[in-house]
Amino acid sequence: MSVITEKKANDLIFDKISAMGHEQVVFCHDEKTGLRAIIAIHNTVLGPALGGTRMWQYASDADAILDALRLSEGMTYKAAVAGLNLGGGKAVILGDPRKDKSEPFFRRYGKFVNSLNGKYITAEDVGTSKLDMEYIAMETKHVSGLPEHKGGSGDPSPVTAYGVFMGLKASAKRVYGHDNLQGKKVMVQGAGNVGRYLIDNLMKEGAQVFVSDIFEDQIQRVVSAHSSVKVIAPQDVYGIDMDIYAPCALGATLNDDTIPQLKAAIVAGGANNQLQDPNRHMQMLMDRGILYAPDFVINAGGLINVYSELEGYNRQNALAKTEYIYDQTLAIFEAAEQEGISTMEASIRLAQRRIDAVANIKTRL
Ligand code: NAD
């Protein structure tokens, strides 16, 4: 009986991998360090699969696998739309980032990354730090986003925020006919790395900025730099009078509960996976006439920054490439209208077309 159950479980994993189109999924295990990790390589048509390593205490192994599969698929689309020669990959380490880390743990993980010979390039993500990347780099060169003193590109957040700002301007252009954000009411949810730099850009432009965070010290950092920013309690974010809602905290903030409350004309922010259910909640936004700038399109600045590191890092080049998010976002809005589809669907189609076209060239002599 248990053999049958196990077989069913395995079949489900392969069904999922085959439906999502992954090339390779690697399970890493090391008894001595307690390392358990999954490296998911979704697509390498455009280039090596680059994506961060997340460390998280998952409720189950199945949750960890699904997270790795979904995140790596998202990286494929993000890189393709951003015009980078990168594929999509992502890794998850199963464990508590506050308790289970050590030098041997990450060096052992680095050896696993190295065994893929550059097919997967790792980087920082939720639960992993610059120091962890330094340990990984002791065992493999296939790691990016190292600190500046190690020859890396350092903190990607200012570049991510700049790309998000470009996405906001493109959205404004679409809705208001001009991209000047002066006087526009922008609700920035999350005063972390991305949110803070986004607010700096918005203030320079003369926008009317609202901010919310669950931690007082994060709010204080913003308010001490920009005294005119208005603070909104986390539970009041969705209902305030605003033009643009910019989610820069966690994912899934666009859901059954929040969308009906939104007074914004535009949703454009840096957080990953903003739509709790990508199909249903995208449709709900469309039904309410709210323009949605897909998250993976406008938050690609961090990836562009890391990609520049592979070519020999230069921040000005990274910012210049990130500016292209403005044109790409407008092109996606246009394609969505022409094809009668959502902006999310238009972005995925754009990514898939580029991947298919390049795959076609690669198969020819
Ligand atoms: P961060 O942890 O520095 O900031 C997130 C902030 O959100 C924190 O200050 C946190 O207190 C706050 N927050 C959490 N829950 C909240 C809530 N309910 N209401 C209001 N605030 C809340 O993270 P970050 O690096 O700024 O990233 C923000 C988002 O952007 C994440 O979803 C991340 O995956 C995504 N992202 C970041 C980058 C990057 O370069 N940092 C790149 C691409 C995508």
Side-chain angles (χ1 to χ4, degrees), residues 50-56 67 70-71 74-75 77-79 81-82 84 86 88 90 92 97 123-130 133 144-145 147 152-168 187-201 209-223 229-240 245-255 257-258 261 267-276 293-309 315 318-319 322 325:
L50 194 151
T53 296
R54 180 166 291 194
M55 186 163 181
W56 195 253
D67 207 26
R70 281 198 186 136
L71 290 166
M75 292 306 292
Y77 299 142
K78 190 184 287 201
V81 170
L84 306 176
L86 287 177
K90 200 94 181 185
V92 299
E124 228 179 295
D125 199 74
V126 176
T128 54
S129 68
K130 295 258 174 302
M133 295 305 121
S144 56
S153 54
D155 180 11
S157 311
V159 186
T160 302
Y162 187 60
V164 173
F165 180 60
M166 288 296 116
L168 259 75
M187 174 69 240
V188 180
Q189 182 183 41
N193 294 316
V194 175
R196 254 195 335 267
Y197 289 114
L198 175 62
I199 290 172
D200 291 344
N201 283 294
V209 177
F210 300 81
V211 70
S212 182
D213 202 288
I214 48 174
F215 291 112
E216 187 54 33
D217 56 339
Q218 298 286 70
I219 291 284
Q220 278 318 315
R221 277 168 78 171
V222 169
V223 174
V229 169
K230 294 197 180 71
V231 179
I232 303 294
Q235 66 277 10
D236 298 334
V237 161
Y238 307 99
I240 70 157
Y245 164 49
C248 295
L250 303 179
T253 60
L254 294 165
N255 53 48
D257 177 43
T258 60
Q261 297 179 51
V267 176
N272 277 315
N273 303 328
Q274 292 164 21
L275 298 161
Q276 189 176 55
D295 43 19
F296 68 84
V297 176
I298 71 166
N299 75 11
L303 184 63
I304 294 170
N305 196 55
V306 162
Y307 180 72
S308 306
E309 185 178 321
R315 177 139 301 198
L319 286 168
T322 300
I325 287 176

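For the numbers below, each heavy atom of this structure counts, side chains included, while hydrogens, waters and symmetry mates do not. Atoms within a ligand are numbered from 1 in the order they appear, just like the ligands themselves.
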So, is [X] polar-close to ligand 1, with some N/O to N/O distance under 3.5 Å?
X	value
N299	no
N272	yes
K78	no
A249	yes
V194	yes

(request) Start with the C-alpha distance between M187 and I232, add both sets of side-chain angles, then the distance that settles side-chain contact (heavy atoms from CB on, under 4.5 Å), and finish with yes or no. (result) CA-CA 9 Å; M187 174 69 240; I232 303 294; 4.0 Å; yes
(message) For G270, state whether at least one heavy atom is located under 4.0 Å from any atom of ligand 1.
(response) yes
(request) Would you sort out whether L319 and V159 count as a side-chain contact (heavy atoms from CB on, under 4.5 Å), showing the intermediate values? (result) CA-CA 6 Å; L319 286 168; V159 186; 4.2 Å; yes
Give me the nearest non-hydrogen protein atom to [atom] as residue plus atom name, then the distance to 0.1 Å.
atom	result
atom 12 (C) of ligand 1	D213 OD2, 3.2 Å
atom 4 (O) of ligand 1	G192 CA, 3.2 Å
atom 40 (O) of ligand 1	T160 OG1, 2.7 Å
atom 28 (C) of ligand 1	C248 O, 3.3 Å
atom 14 (C) of ligand 1	I214 CD1, 3.7 Å

(request) Would you verify that at least one protein heavy atom lies under 4.0 Å from atom 23 (O) of ligand 1, or report that none does? (result)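 So atom 23 (O) of ligand 1 lacks protein heavy-atom neighbours under 4.0 Å.
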(message) Among all the protein's heavy atoms, is there at least one whose distance to atom 2 (O) of ligand 1 comes out below 4.0 Å?
(response) no
(message) Looking at K90 and D67, is there a salt bridge between them, counting it only when a charged N and a carboxylate O are closer than 4.0 Å?
(response) no
(request) Establish, from distance only, whether the side-chain atoms of N255 and T258 form a donor-acceptor pair under 3.5 Å. (result)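 Yes - a donor-acceptor pair under 3.5 Å links their side chains.
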(message) If only side-chain N and O atoms count, and only distance matters, is there a donor-acceptor pair under 3.5 Å linking N299 with N272?
(response) yes
(request) Using side chain to side chain contact (heavy atoms under 4.5 Å, CB included) as the criterion, point out the one residue from D200, V229, V209 that pairs with V222. (result)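 Among the candidates, only V229 passes.
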(request) Decide yes or no on side-chain contact (heavy atoms from CB on, under 4.5 Å) for F296 and V81, but give the supporting numbers first. (result) CA-CA 9 Å; F296 68 84; V81 170; 4.0 Å; yes
Near [X], which atoms of ligand 1 are under 4.0 Å from a heavy atom of that residue?
X	value
Q218	8 (C), 9 (O)
F215	11 (O)
P156	40 (O)
G190	7 (O), 21 (N)
S157	40 (O), 41 (N)

(message) Under the criterion side-chain contact (heavy atoms from CB on, under 4.5 Å), I'd like the reasoning laid out for R54 against T128: C-alpha separation, chi angles, the key distance, then a yes or no.
(response) CA-CA 6 Å; R54 180 166 291 194; T128 54; over 6 Å; no
(request) Using a 4.5 Å cut-off on heavy atoms from C-beta on, say whether the side chain of T253 contacts that of Q189. (result) yes
(message) Between S157 and R196, is there a side-chain heavy-atom distance shorter than 4.5 Å?
(response) no
(request) Answer with yes or no after comparing the ring centroid distance for Y245 and Y238 against a 6.0 Å cut-off, counting only values under it. (result) yes
